[in-house]
Amino acid sequence: MIFSNDYADQLDRADSLASFRDRFHIPKHANGDQIYLCGNSLGLQPKSVKTVLQQELDDWEALGVEGHFHAKHPWMPYHSELRDLLAETVGARPVEVVAMNSLTVNLHLLMVSFYRPNAERAAIVIEQGAFPSDRYAVESQIRFHGFDPAECLIEIAADPDTGLIPTDALESCLREHGHRVALILWPGVQYRTGQAFDLKAIADLGHFYGCRVGFDLAHAAGNLPLQLHDSGADFAAWCSYKYLNSGPGAIAGAFVHERHAQAVLPRFNGWWGHRQDTRFQMGPEFKGTPGAEGWQLSNPPIFAMAPMRASLEIFHEAGMPALRRKSLALTAYLEALIRQELGDVLRSVTPDDPEQRGCQLSLQVRAGRDAGKQLFEHLMQSGVIGDWREPDVIRLSPTPLYNRFSDCLGAVRCIKQWAESV
Ligand SMILES: *Cc1c(COP(=O)(O)O)cnc(C)c1O
C-alpha cells in the first residue's frame with residue numbers, strides 16, 4: 001500500500017511545503033529530475049541566488065566603492081541582515097551569531113577563546129570517528145598549547161553493535177575524567193550515523209563538570225530546529241553548504257553564547273571585530289564589538305554572503321517548525337519503505353527514534369561493503385544521488401525544502417531493482 005505511486009503522490013499533494021521545491025534548481029537525469037537525496041553534503045541552489053548575486057555584480061559595476069553604502073543591500077552592514085536570519089534558523093539571539101569564514105576556521109578561532117588548557121585541565125572530549133577536520137583541529141590545538149594528544153584527546157567510543165553513542169557514555173567519561181577536561185566538542189548530528197544529540201543535556205553535563213562545551217552543527221543547522229541559546233552551549237560553528245543550501249564552500253556560521261557577549265576572552269582580533277561606530281577612526285587600540293561579531297577578522301565576502309541571504313530567506317518563509325514536521329514525515333516514509341521492501345537487503349545505522357535523528361538515514365548493505373559500493377554506483381548512475389561514507393555507509397537524506405515523498409519511493413524502487421538483479 002505505501003509502496004505505490006498513488007500513495008506517494010497523495011502525500012505530496014497533502015504537503016503544505018510542496019511549492020518550495022519550485023524555488024530550487026533540481027539537477028537533471030535522463031528526461032527528468034534527479035532524485036537528489038544529498039542535501040546533507042551539498043544543498044541545491046535556490047533559484048533566487050542568481051538574482052541576488054547579479055545584483056551585487058551590478059552594484060559593484062555601477063557604484064564601485066560607494067556600494068559599501070549605496071548598494072541595494074549596502075555592503076557595510078551586510079552581515080546584519082544575515083545575522084537575524086541566521087539567528088532564527090539556529091534558535092539563537094542576534095548578538096550570538098555571525099556569518100564568517102568557513103567551519104574549520106571558525107572552530108579554531110573559537111577554540112582560541114574557549115580551549116584554555118592548563119596543567120590540571122588540558123583534555124578535549126570528542127566522539128570517536130569524528131569528522132576528520134574536527135579531529136585534526138582539536139589535535140592540533142592540543143599540540144599548539146604544548147600538550148600531548150595521546151593523553152589529552154579523549155574519544156568516546158560508539159557501541160560496537162549499534163555504531164551509536166549511548167546517551168550515558170559522555171556521563172561515564174566525565175565521571176572519570178571530568179576534572180581534567182577543558183573542552184567538549186560535540187556534533188549536533190553525527191555525520192556518518194545521522195545520530196542527533198540533546199544539546200542542552202550535553203551542555204548541562206559538561207558545565208556541571210566545569211568544562212567548556214562547543215558544538216559542531218555541520219549536519220544539524222537547517223536540518224533540526226535548534227534552540228542554541230537555550231542549550232547554554234559556550235560556542236558553536238557550522239557550515240552552510242549542506243542543509244543551508246548556501247553554495248559550495250559557502251561562508252560558515254558561528255555562535256557565542258550571550259553570557260560571553262561582554263566578556264574579555266583571549267581572542268585573535270581583526271579590524272572587523274572592532275566596534276562598528278569607531279572602526280573607521282582607524283585607531284591603534286582594539287575595542288571589540290559585543291557578541292559573536294567581535295570574532296570577525298576581515299571585511300566579509302559579499303559574493304559569498306549573498307547566496308546565504310537568498311537561502312535563509314527561504315528558511316524564514318517556510319519556518320523551521322514546519323520544515324521539521326515535513327522532515328519527520330519524509331524520513332519516516334523512507335524508513336517504512338525500506339523496512340517493508342528492503343528489510344533483507346539494507347540495515348539502517350541511524351537511530352529509529354525520530355527524536356534522535358534529522359533527515360538522514362545511513363544505510364549499510366547486509367551483503368557487505370563491496371555490495372554496498374555496487375549499489376551506490378547503481379544509484380548514482382540511475383540519477384538517485386546520495387553519498388558514500390567509508391567504510392560502508394550510503395547516506396540518503398530527504399530534505400523538506402525540495403524533496404518529495406515520491407523521491408523516497410523512487411529511491412527505494414531503484415534499490416529494489418538493483419537487489420533483484422544481483
Ligand atoms: C562538513 C563538515 C566539515 C567540513 O569542514 P569545512 O571547514 O567546511 O571544510 C567539518 N566538520 C564536520 C562535522 C562536517 O560535517
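Numbers here are sequence positions counted from 1. Numbering of ligands and ligand atoms starts at 1, following listing order.
Looking at Leu103 against ligand 1, both its backbone and its side chain come within 4.0 Å, counting heavy atoms.
With ligand atoms numbered from 1 in the order given, ligand 1 contributes 5 (O), 6 (P), 7 (O) to contacts under 4.0 Å with heavy atoms of Thr104. In summary, the atoms of ligand 1 found under 4.0 Å from a heavy atom of Asp216, numbered by their order in the structure, are 11 (N), 12 (C), 13 (C).
Atom 14 (C) of ligand 1 has Lys242 NZ, 2.8 Å as its closest protein atom, hydrogens excluded (heavy atom only). Of the protein's non-hydrogen atoms, Asp134 OD1, 2.6 Å is the one closest to atom 11 (N) of ligand 1. Scanning the protein heavy atoms around atom 3 (C) of ligand 1, the nearest turns out to be Phe131 CE2, 3.4 Å.
Checked against the 6.0 Å centroid threshold, His219 and Phe131 do not count as a close aromatic pair. In this structure, Phe255 has its ring center at least 6.0 angstrom away from the ring center of Trp295.
Remark: side-chain polar atoms of Asp59 are paired, donor with acceptor, to backbone N or O of Lys72 under 3.5 angstrom.
The number of heavy atoms from other shown groups lying within 6.0 Å of CH2 (Trp388) is above 12.
Distances between N or O atoms of Tyr241 and those of ligand 1 include at least one value under 3.5 Å. Checked against a 3.5 angstrom limit, the closest N/O atoms of Tyr191 and ligand 1 fall outside it. Any N or O atom pair closer than 3.5 Å counts here, and His219 shares at least one such pair with ligand 1.
The closest side-chain heavy-atom distance from His73 to Glu56 is below 4.5 Å.
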